[in-house]
Every structure is written in structure tokens, then in C-alpha cells.
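Here's the structure, in C-alpha cells; my notes come after.
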Amino acid sequence: MSQQALLKISNLAKSYGSVVALRNANFSISPGEIHALLGANGAGKSTLVKILTGVISGDQGLIELNGREVAFSSPDNARKNGIAPVFQDPALIPDISIQRNLYLTDTDKDRFLFEISAMGLSVDLNQLASDIELPILRMIDLARALAHDPELLILDEITAALPIDMAEKVISIMGAHKARGKSVIFISHRLAEIEEICDRATVLRDGTNVDTFDATQGSEARIVAAMLGDKNVLATHSTKQKNKIATDDFMRVESLSGGKQLKDVSFTIKRGEVLGVAALEGQGQDLLFEILAGASKPTGGKLFVNGEEVTFHHPSDAISYGISYVPGDRKTALMPQRSIRENLALTRYRGMRRWGKINFGEEELKVDGAVQSLEIDTRAKSQVKRLSGGNQQKVTIGRWVTTGFDLLLCFDPTRGIDVGTKAQIYDLIRTFSDQGKSVLLFTSELREIQLSCDRAIVLYEGKVQANLPFEKCDEVSLLSAAHGIVSK
Amino acid sequence: MSNILKKVQSRFSVAMLSLWGILFSLFVVTGLVDHYFFTISSIGVTLQLAVPLGLLAAGQTICMLTGGIDLSIAMIATGAAFIVSIKSSSGLGLAILYATLYCILIGTINGLAVGLFGMNPLIMTLGMNAVLIGVFTVGITTFLKGSSTMPDIIIKLSSGSIIDPISWPFLLWIFFGGLIIFLLSKTGLGRLIYAVGDNATAARLAGVRVWKVQLAAYIICALLGGLAGLMIGGQSGAVAMSLADSLVLPSVAAVVIGGTSIMGGIGSYTGSIMGALILTVLSYLLATINSSEAVKQMIYGFIVLTLAWTYSKLTEKS
Amino acid sequence: MNLIKIKRQSWNIGIVIIALGLGTWQINRLPVFGSYEVRTILLGILPIALLSMGQAIIIIGGGINLAIGAEAVLINCLAARFMANKSFGVAIVLTLALLFVSVCVGALTGLIISRSKIADIIVTLATSFILIGFAMYIQPSPGGGMNLTLAHLISGKGSAFLPPLIVLILPLLIIWIPLYRSRMGIAMFAIGSNKDAAFLSGVNVDLTRIKLYATGGLFAGISGIVLTAITLSGSPFASISNTATLNSVAGAVLGGVALSGGVGGLTGPALAALILYFIPTILLNYGIDPAYSQIITGALTIVVVLAGGLIRNRGKKK
Amino acid sequence: SPADAAGTYKIGVSNSWAGNAWREEMVCAIKAEATLSGKVAKVTVLSRNTDSAGQSADVRSLITQGVNAIIINSGDTSANNPAIAEAVAAGIKVIAVDNSITAPNTTLVSNDQVAYGAVGATALAKAMNYKGNILYMRGASGAGADTDRDTGFRSVIAKYPNLHVTKEVFTGWDWTKGGQLANQLLAPGKFQGVWTSGIDYPVVQAMQTRLKGKYIPVVGADNNKFVGMTASLASKGFVGIIVPNPAIVGGAALKVAVDELDGKTVAAKNLLHPVALTYAHDKTLIDSLYFAAQDANFSSTISLPGYTTFNAAQLFRCRAPQDDPETTS
Ligand SMILES: Nc1ncnc2c1ncn2[C@@H]1O[C@H](COP(=O)(O)OP(=O)(O)OP(=O)(O)O)[C@@H](O)[C@H]1O
Ligand SMILES: Nc1ncnc2c1ncn2[C@@H]1O[C@H](COP(=O)(O)OP(=O)(O)OP(=O)(O)O)[C@@H](O)[C@H]1O
Ligand SMILES: [Mg+2]
Ligand SMILES: [Mg+2]
């Protein structure tokens, strides 16, 4: 590795007003290397990527490409110099066709189509981006970057929104890219992926690189330690301890169907049970959660709560039956410009009977209770958008702690959340179940099922493919069921 | 921790302070240009003239906090004034009842269209305004035929002074203004208005029936608009089709100058009150300076732009 | 593949059908229908069609220009003031110069919006006052004129309907189509559709917005020149600019441009102007009070946008 | 009435400003006079709020309709000229009412606006004892009538060195704005007289609040409420100067149009000559001009001898020859 670095970054810093996004970042990447960039939420990874690709400019620091100092003025500029990114946020324009999207970034159509077909996908170039599902869109974004045949490919949490099979594809694409002697910067919160493909890893903490090492098998502990620093106390996952589950059903779902996505889904959730839901992307789990939450209407089937048949016309109907929903996307769950307090207390005022004067004393009591039990960092409490991702996620759950619930529908609550906060959220879910409340938990990281659930169902093509007891919730069984392989 | 808290508080007061600063400097400039301005009676009349604008801005604030806007407020105000002035011959109570029903009706249509059918508020209320102009143009020669004279009691309530500079309309404004501030900051509905404007999807998932909140917002806005219409009609003594035309765009400007986001979810009526006062003093200033209409128009536009700009820069920096 | 393209044109197809239907109705009611009547229709829609097209461009790019009517009025006044009694050659040069001015006014508006980060609706509200003030300054009372040869070249004479037809279509051909196909055109759609994504795709958002408003300004400028050619006079009235602005928004929206940005084209708005023209004219033929046409136009705008929105959303949900 | 049957003329009306009491009355006067004339078959009214391009389109529509004469209250002195020229070329008689136009070969029927400004100013000067400060509240900047009235007003005021126009504002003929301006400007002692371009009674009302009932002379038009105030407040020392600007000038325009179509020679300019009325001199006339049941902005002059033949009831009925008598009574 004595050859000249492809890219070298020294003393890079960037602040947004009083928020230091990047303090002092240093690292280098060699040709033909896959380099992982790791760090807790808010560590500054995306900021670094944006500076590298000319989206924003750094406050100070040096970027050298092949030993030559560079500063890109725009993503376009960076692309022409062989750096192509796939950003964490979607970068395809929703209302224009894929073809025009390609034109906008000067991407060669044929090369793009070649990359797409290499992924085993097919795309109609006349389609509007908004008509395409998110995972495919992420792959299109990747293909667009690859079509420029960059010396350095930067992937910022591309796998977070991808189902397992596509994530695997991305891993192999990175491998192929490396095989051509080119480099990749790979950002992900899924440590397994890091170990699988990366050569080296750099860990950022509070905007500073704290550790760089070979990403070999078993480096997980080291990564976690570096990422969390002093907060390391939380690093070990609370191991699941079986607790007594009541025998009576809280909710029964009978042959539920919804459009083309859900067909004949039946299962039950007992009181005090944490039921896991595992599925690849797009197997109908989104719709299932929305229907149970009253946010979408089923096209068939029945729902029973405590043995009584119910129909939900609006989320508030579900809430009145004690069913609360934590959507996967924080953007659809929070009022970003309002305070933590208003966000937490919102559901209290949902009924017209509560439109009158607020009982501030009572409200404060409930809100403080939730803040304390979830350990929400209230430093930026006046506007939730100023909170870090993990704390925002806690607020979405905390809302239901203030109002109380019997069943919590948690859709991928740890997506894009750092390891420490993840552990906290799982602890919280355990506490709920200890209190006799039920949780339906979908997670895109299969091994988390084992860490937090009493039982799991696996969805495949809109049907319940498997109903696995705790003992069988190992990754292999879940994965094979998720791929439609019948397991007994 | 207290650091960030303090920053947030100072951010808020910087905004409010700058509004006070702007109002004060305009006040001084106006007084220097026209020495009659520094009399109790001139101040009283300025406060009185700010009332209709302030009421329109109140309605607009509520709509804008939910992420909407109400441009039909011009014809809501005009319509209410027409109804009261023409129907008052058959009893003031009845006339006010008709006007109230009219406001509720229009507010309901606007609110349902926006809330249930997802209409764009700008188009909905612009269209509604066009429809209402047509309806009343036809109306004054048919079903609303009659002598449109404002009842004396309304003239008194909209322009009568108690002791300078305190006038009846000003008291009315304090009452309704207090009510609006209370509604927005101390009630469940207020919370929902902010929530819906900030993120309607999130509010829905939290169990809020968003359309009901929007419906309530447009009805309240229409009622305030109707009240403003009566005030305008009472102050000039005349009811004409163009009654509220000259105040609609200023009502939007007042709300924005007062720091309410046109995208919804953030702002306050206190700010809009400041905005209304600033624009009223500005109009007094423009009335007193001796320059052509052309120059006045330019100054007005320039000052509104500068105010909005400074305000946004001031709040953005800290 | 073709299906997708047809689906995207469905709004235009709908508009064409409505316009053709109304047109046939109107023609059948006319005692005679010849080239004079065609020219009458074209002159009736030309200024507002051009203005709607300008507004459409801006709305597609995620903005809205409440000063577009004022821009047209300003150019109208400048043209009438400086082109009166000038030779054809000088008039042509002046026309080009004024179109350049209109582009600059638009660009300046875009620059202010980008720099100040204030909502478009507020900035253009303020600039509308400034521009009208300027127009009043240039042409204090209606008057002025235009070289007759040039005027006839633009608006035709007697029953020569080709010139106005060309003036209507030419901007579509030489400005819109090349623009739509260029990278800059895509960038305009991109910032209207999703500003952040556009930024990540390498679009210079501020610069694109400036170009957007400049192009909108160009259309407003053409509209102003056409207005001068039709009326041979400059009229500095705020009421004209307000009506024109509101009509331009209605035209753009009826023409299939989504107020949320990123969606639409210019053919629709041009055709929508035809619909907005036919409704009052047809009612007139039946001896119905034109106030009803205002009701119908307002209601139609609401209904079309409502239906369009519902259809669009249905398409989205798959 | 007996004359209804035999009419043949088709009259088109283009009005650029709708929903305004004065203009509505003007249109009604046209309709009423047309019905009474017995020579008109149909009155086609195109009255809406529109700009000059819109009004030009309306004129062209009327041409297409095959009308014999067009009565136009133009929003702009010259902007409709090309369309009007086309009408004239098509043999249609064009009569400008209220607002003058510069198009050749057209006839004007209107109040003499220069005289309107002058007689009001003369009466005001007298009421002010030829000294003091005047609040001069004009109409809309740039409008033809406003410019003419200004000419008349200034020609008179210039004659009196002790009269000063210390404040000049434009109301845009908007009642709300007029009331607001009056409230802002009428500080005690600041002015000794007010001239208004017809936005009159809000000024009187503002005096009640701002001047605590200490009235100064006001020049206004024949707006119903102003007429009423002139009468009722005379005992409290209010001097209201009424300079009529009759809306029924529309009826006069119709008569001129019919005369032209009949082939009679008609003057190119037919001006009404306004006189200033005060309660001290014209008590009975002013009392007869007040209609308690009518609108505040109703233009109180309801007959123009030599031009109009309708009575109040016929005017209020607002019926065109083609209207079905049952539905409009
Ligand atoms: N535009 C901005 N304005 C203000 N602060 C910002 C902005 N963008 C990022 N930050 C802040 O900078 C810090 C670093 O953010 P960044 O997005 O780089 O984190 P990250 O490591 O990518 O986190 P994640 O894993 O959640 O994606 C955070 O505290 C964030 O709140
Ligand atoms: N845009 C911002 N404006 C103001 N303060 C901010 C902003 N972004 C972050 N902060 C403050 O900085 C703190 C740290 O943010 P950061 O995103 O780095 O959190 P974090 O430690 O990564 O937490 P998590 O793991 O939960 O994401 C936040 O709690 C907040 O108080
Ligand atoms: Mg974070
Ligand atoms: Mg990131």
C-alpha cells in the first residue's frame, strides 16, 4: 500500500452556525480500495461526502486527488474529475422522466442502461422518477453514478433503504468496481456489510476521525468502541430474556388483503408479546402496518381487537383501540418546526373534545415522563428538526408513551440509527412488553429480530410465509423464508 | 444546555424587538414629516384604522399557520358588509345572523375543499373570490337589492372613540386579538393548527382529523374577515364592491412581515399585529408625504420588500 | 411507452376538447364567422395567453410571480411612451430593447428571491407595487402610441388574422421548445420538482431561478408589447395588472400546471386562455349577465383543478 | 308601455367596470331609455371589470354581434381606439359616455368634467371665504375624468392667493381608501375645506370622529348619502356642496345614439353642465334629490330634461326592450 493515495483529506472542517458538523477529518483512500466511513448519527459522514463532491464547501482543510490539491465547485465538477456519489438523500428529480434525469447529469444513456441490466433490472426511461419505488430508485441512482465509470464511487447509506437481495447486489457491484482497480467510499450503519466487503474503515466521532483499521472479521467490537467513545456503556446489546406472555390475544388479523400487495394475511398478537415481522423490501409490510394503524383501508379481511371486530377509517380509530403507529420515516411522523413538547403531546388533542384550553400542568407531567423514560436529549427542544436523528426517532416513540397504548406498531425504528441508540430502543421495546403491552416490530436487519422479539412472522409476496417461534428466529431461517423458501 | 435555550429565546426576541424597532422608527419618521401625527387623536385614528387590517391579518395568520391562505377574504368581508347594510332594515340582529351564516358557509366551502378534497388553497380561494364577485354583482340588482347603509351602531363600533386614543374598534380588536392569541397558544385547536401546518401527514398519523382543523381554520378566518368587513364599511360609511380590495394583499404582507411562514407551522398573531401596525403607520406616512402616486407606490413596495428582507435576515442570523 | 406519453398529454387533450367544444358553440351562435372573427378571438386571448405562458414557466420552476401583470403593464407603458411617432426601424430596435428590459426585470426579481430567501409570493407582491409605480411614472395617464406598421405586423389589421396567430405560436416554437429540450429547461423542472434533489444533481438552483424569472419576464414583455400593438396606448393602472396577474395564474393552472411545481407545459396555458375567453363571450350571446360568467369561470377553475388533482393522485397510487 | 313593439335598432354597451352602483345605474338608464324610445329592439350589455385588451375584445364582440351603435364607457382614453376604429369602419355609431375617448368619428355624451372641477372649486372658495387650506382628494391618477376635473379645479383656485391646496391625494374612487385617507388627514385645524372627486360622504363621516363634529365645507357629487347629509347636517353648520355627476348620463347617450341612427345631426360633444348646489340656496331641490330607500352611492339625479324621458320607477325597473316584462317588474 505504498503507492500514492487516490484521495487524501487533511484537517477538513465545516460548521453550520454554532453546530460543528465536521471538526477535523483526516483520511486517505488508495486506488482499488473499498474504504468504509463509519460513525454514529451526526458524526459528520454525509457532510464529508458533500464537501468531497462539491455540493458544499468546507470551512478549512485540504483535499488532494492523485496528489493534486482540488476543490470542486459542484457535483458536476467532481464527476468530471472521476468522483461520482450516490447521496444519502434521493437525488433523482421526481417529476421528470429518468431520461431527462440522466441528461441533467450528463449521463450516457447506453452506459446507464448497461449498468441497469447488469443489476438484473429493467427501467423504462420515459417513466417519471416519482412513479418508481424507492429501492429501484436507489439502484437507478447507483447505475447513474457507475455510468460515469468513476475512479472513486461514494455510497452514502445506500443500503439503508434496500432489501437484502438488492443490498447484496450493491456489495457485489462494489466488488466488481474494486476489481477494475477503482475505489469506493462506503457508508453504512450495518456493520455486517462492512466486514463483508471493506478493506479498511475510518471511524468518525463528533466530526473527527478517531480510528482507522483493517475491516477484518471480528472488528465489530472495535468499530463500536470507536464510534461511541465514552458512550460505550450501551454498546452491548441487551440480550433477550424470555418473559411471561399472557395467553390472551390482543389483536387478531384474519385473511387481511390490500390491493395487489397484501393477500390473505392472518396472525395474532398476544398481550405483552413482541411480534417481529421480517420481509424483503416490497412484500406488503408497509401496507400491513398502515392498515393496522388505520392509515390505509384494506380491501378484504377482518381485524379483531380483544375479540371484537373493528374497522378503522382513520388513524384516530386505531388509536382509540390502543393501537399506535411509529412510521419508518421520521419525516412523516414529526412536526419539524415545533418543540419536543408539542410533538410529544400532539395526540392528546386529536379529539374535538380536547380542542379547548390546555391543561398545562398535566401536559408537562406527561411530557416530562416521556422525555425521562426515553432519555431524550432536550438541548434543542424548541424545534425538533434541530435534534439529532436518534433523538428524533425517540420523539416519535415518546409521543405514544405520553398517551399510552396497548399495541405499538414499530416500522423499522432503527433505520439509520447508530448502535448506541439502537440498543436503547430495543430496551424500550422490552420495557413495554414487560408492562404487558404488545409490539409489532418490522425491522430490515434480520438479526435484530432475535434480539428483541418473542416470535416472528415472515412476509413474502404479500402472504405470511412463515410463523416462527423464538427459537427459530435465526438469520438463516428468516432469510430463507423471506426469499420464499418454505421452511418447516 | 442553557446555552442553546438562551439562543432560542434570544432568537425569538430579536425578531420581536426588530419589529418594535421598525414600528418605532416609522412612527418617528412619520411624526417628523407630519407634526399632526404626534397628537393623541392621530394616534387614536391610526390604531382605529389598523383594526380592519389587524382582523383580516388574524384570519390570514390562522390560515397561513395551517399552510394555507385565504384570498377570498376580500369578498367575504365585502359580502358580510353588504348583507348587514342591506338586511339591517329588517332588524340588526337578523342582519348579523345572516352575515354570520354567510361567513360560515363560505369558510365551510373553502375549508372542505382544502381539507377534504385537497384543493390548493391559493386556487380555491381565488376561484371562490371570483365566484363571489359574480354572485354579489348579480345580487345587488336582484336578491340583495336595497339601500346599503351601515347601521349606526356598527359605525359607532368601527369608528367611535371613547377617550382618545382609545376607540371602540380598538377595544374590539383587543378583545378578539386576545382571543386569537389565546386560541393559538393555549388551546388544543391552536396546537393542531400549528401541527397541521408543519406536517399534515404526521398530524394525521397521530390521530388528528386534519380536515376538521382546516375546516375550523377557514371558518374562523371567514368570521374574522366578515367582522373586518363590517369595520371597513363602518369606517368609511360606504359599502361597495371594492370594499376590502385594498386590504387583502396588505393582510398577507402584515402576516409575513410579522414572521409567520407562508408554508405554515411557525409564527404568531402577535407578529401579525405588529405587521398590521407597521403597514398602517406606513400608509399614514404615504398619505402625508407630498409626492406623486407613482412614487408612493414605489415606496410602499420597496418598504414592504425591505421589511420582509431585514426581518428574515435578522432571524436567520441568530 | 407511447401510453406514458399519451397519459402525460391527457391534460392538454382535455383542454383542447373543451376549447374546441366552446369554440364550435360560439361560432354556431355568430351571425357570420370569418377571418375577422378569428382575429377578434386571437386579439382577445393574445395578451393573457402570453402572460399565462410566462406565469406557467415560473410556476413549473416552483415559484409564482404576482408581479407578472405589473411587468406587462410597465413594458406597455414604456413601449407606448417611447414608440409613439417613431419610424418602423426605430420601433423595432426599441422593441428589442424593451424585451431586454423585461428580461432584466424578471432576472432581478429572481435574484432578489434567491438572495433574500423570502417566499416568491411576498417578493413579487412587493415588486408589483414598485413596477406599477414605475409605469405610472413613465406614463402618468393613458396615451402614447406605436408605429402603425409595427402594430399591424403584430396585431394584424381588419381581417388579417395571421399576424396575431404567429405572435401566439412563435414564442412557443422559438423559446419554449428549445428551452424544454435544453439542460436549462430540465433544470427548471428540477428545481420546481425537488430543489434539494436538483441541487444534488448539480443544478445551480439560484442561477436557474434567475433564468426562470427572466424567461417569465420575457413572456410578460412580449405580452406588454402586444398590448401596445392592440391598444396603441399605454395604461398605467394597478387594476389592470392585478386582473392580468390573477388571470395568468388561472390560465396556467387551468392549463395543467401544478402549483406545487415541476409539472406542466406551455401549450395548456395558451389553450386555457381560449376557454377563459369563450365563457363570457358565449354567455353574452345568450344575453346573460356577464357577472354569471365570472361565477362560471371561478367555479370552472376550481372544478378543473379539483378533478385534475384527483386524477393525478389516483395515477400516483398505482 | 305602448312603444315597446316597434323597435329595430340593436344597441351594444361596453362598460369596463362592473359591480359599481354608479355604473349599474348608468346601464339601467340606457336600458330604460331604450325601452321608452320605442326604436330599439335589443340592448346588449357587456359590462365587466376588465382591462383595455378585454374591453377591446368586447367591442369587437359587439361588432360581430351586428349592433347598430355602441355606447362605450371606456376604461382608457385611447386604448380602445383600434377596436373602435374597426366599429366605425363597419358603419357602427360609437358613442362614448362618461369617459371621453380620443378616437375620431365618435360622439361624446358626458358631464363637462372641466366645469365639474371648476364650479365645485368656485363654490368651495366662497364657502371658505376665499382663504385657508384645502384638502384636495382626487380620483384615480391618470384617468381622463380626473385630469379634466383637475384642470377646472386649478383654474379656479389659482385665482385666489389665500387659498392653498396643502394636501393632494388620490382616492382611486375607492370608498374604503377615501374614508381611510380622510381619517388620516383630517387633523383639527389642518384644513378649512375639502374638495372630493365624488368620494364624499366618508369624508363627512370622518369629520364626525376626527373633528368632533366641527364641520368644514366639502365638495361632493350627487351621491344619495351625501345629499342626505348635506340636508340633515346643515343645522349643525355643515356646508355640503353638491356638484351632480349624473349616472343617468347613460340615458342621454342612448338618446344621442338613437338620434344618430335616425339620421339626425348630432354634435360631436354633448356635455352636461353641472351647477353647484348648497343647502342654503337650493333647499327644495336638494330635499327632492334624496331617496331614503336608495343606496348610499346612488346617483340622485334621475332626470335630464331634453335627454331622458323615464321616471324614477322606470329607471329602477332597469328593463331593456327585449326583457320579458313579467320577470323584471
Ligand atoms: N444544513 C445543515 N444545517 C445545520 N446543521 C447541519 C446541516 N447539515 C448537517 N448538520 C449537522 O451536522 C452534523 C453532521 O451531520 P451529517 O449529516 O454529516 O451526519 P452523518 O454522520 O451523515 O449522520 P447520519 O448517520 O445520521 O447520516 C449533525 O449534527 C447535523 O445536525
Ligand atoms: N441544525 C441544528 N441546529 C441546532 N442544533 C443542532 C442542529 N443539529 C444538531 N444540533 C444539536 O447538536 C446535538 C448533537 O447532534 P448530532 O446530530 O451530532 O447528535 P448525535 O450525537 O449524533 O445523536 P444521535 O446518535 O441521536 O444522532 C443535537 O442534540 C442538537 O442539540
Ligand atoms: Mg444525527
Ligand atoms: Mg448522513
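As the structure is a computational prediction, the values presented were derived from the model and not from experiment. Lettering of chains follows the sequences in order, A, B, ..., and the numbering in each one begins at 1.
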Can you list the steps and then say if C:I112 with B:W309 is a side-chain contact (heavy atoms from CB on, under 4.5 Å)? CA-CA 9 Å; C:I112 294 174; B:W309 198 335; 3.9 Å; yes

Contact origin within B:V256 toward chain C - heavy atom pairs under 4.5 Å: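 For B:V256, side-chain heavy atoms alone lie under 4.5 Å from chain C.
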
Part of B:L126 lying under 4.5 Å from any heavy atom of chain C: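 B:L126 touches chain C through side-chain heavy atoms alone.
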
Considering non-hydrogen atoms only, spot the tightest contact between [X] and [Y] and give its length.
X      : Y      : result
C:G298 : B:A130 : CA-CB, 4.1 Å
C:A299 : B:V131 : N-CG2, 3.5 Å
B:V138 : C:A291 : CG2-CB, 3.5 Å
B:Q297 : C:G133 : CB-CA, 3.6 Å
B:E293 : C:M136 : CG-CE, 3.5 Å
B:A308 : C:I118 : C-CD1, 3.6 Å

Pairing residues for B:Y284 by the ring-ring contact (aromatic ring centres under 6.0 Å, His included) criterion, not counting sequence neighbours: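 Result, ring-ring contact (aromatic ring centres under 6.0 Å, His included) vs B:Y284: B:F37.
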
Segment of C:I302 engaging chain B (4.5 angstrom heavy-atom cut-off):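 When you check distances to chain B, atoms from both the backbone and side chain of C:I302 fall under 4.5 Å.
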
Enumerate by number any residue of residues 104-125 of chain B whose heavy atoms lie under 4.5 Å from heavy atoms of chain C; in the absence of such residues, state 'none'.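 Answer by number: B:F117, B:M119, B:N120, B:L122, B:I123, B:M124.
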
List the steps, then state whether side-chain contact (heavy atoms from CB on, under 4.5 Å) holds for B:M298 with C:F129. CA-CA 6 Å; B:M298 284 191 254; C:F129 285 101; over 6 Å; no

Just wondering, are more than 12 heavy atoms of other shown residues or ligands nearer than 6.0 Å to CZ in C:F134?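 It does not: C:F134 CZ has 12 such atoms or fewer within range.
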
With a cut-off of 6.0 Å (strictly less than), are more than 12 heavy atoms of other residues, nucleotides or ligands near NZ of C:K195?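 No, because the 6.0 Å sphere around NZ of C:K195 holds 12 heavy atoms or fewer from other groups.
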
Shorter than 4.5 Å, heavy atoms on both sides: which option in C:I121, C:I296, C:L131 has the most such pairs with chain B?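 The candidate making the most pairs under 4.5 Å is C:I121.
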
Neighbourhood of chain B inside residues 61-74 of chain C, taking heavy atoms under 4.5 Å as contact: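 At a heavy-atom separation under 4.5 Å, chain B is reached by C:I64.
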
With a strict 4.5 Å heavy-atom criterion, list every residue of residues 245-253 of chain C that contacts chain B, or say none.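 Those residues of residues 245-253 of chain C which have a heavy atom under 4.5 Å from chain B are C:L246, C:V249, C:V253.
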
Can you tell me how far CD1 of C:I295 sits from OG1 of B:T137, rounded to the nearest 0.5 angstrom?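 Spacing of OG1 (B:T137) from CD1 (C:I295) equals 8.0 Å.
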
Which value, rounded to the nearest 0.5 Å, describes the distance between B:L305 atom CG and C:T127 atom OG1?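 Rounded to the nearest 0.5 Å, the CG-OG1 separation comes out at 7.5 Å.
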
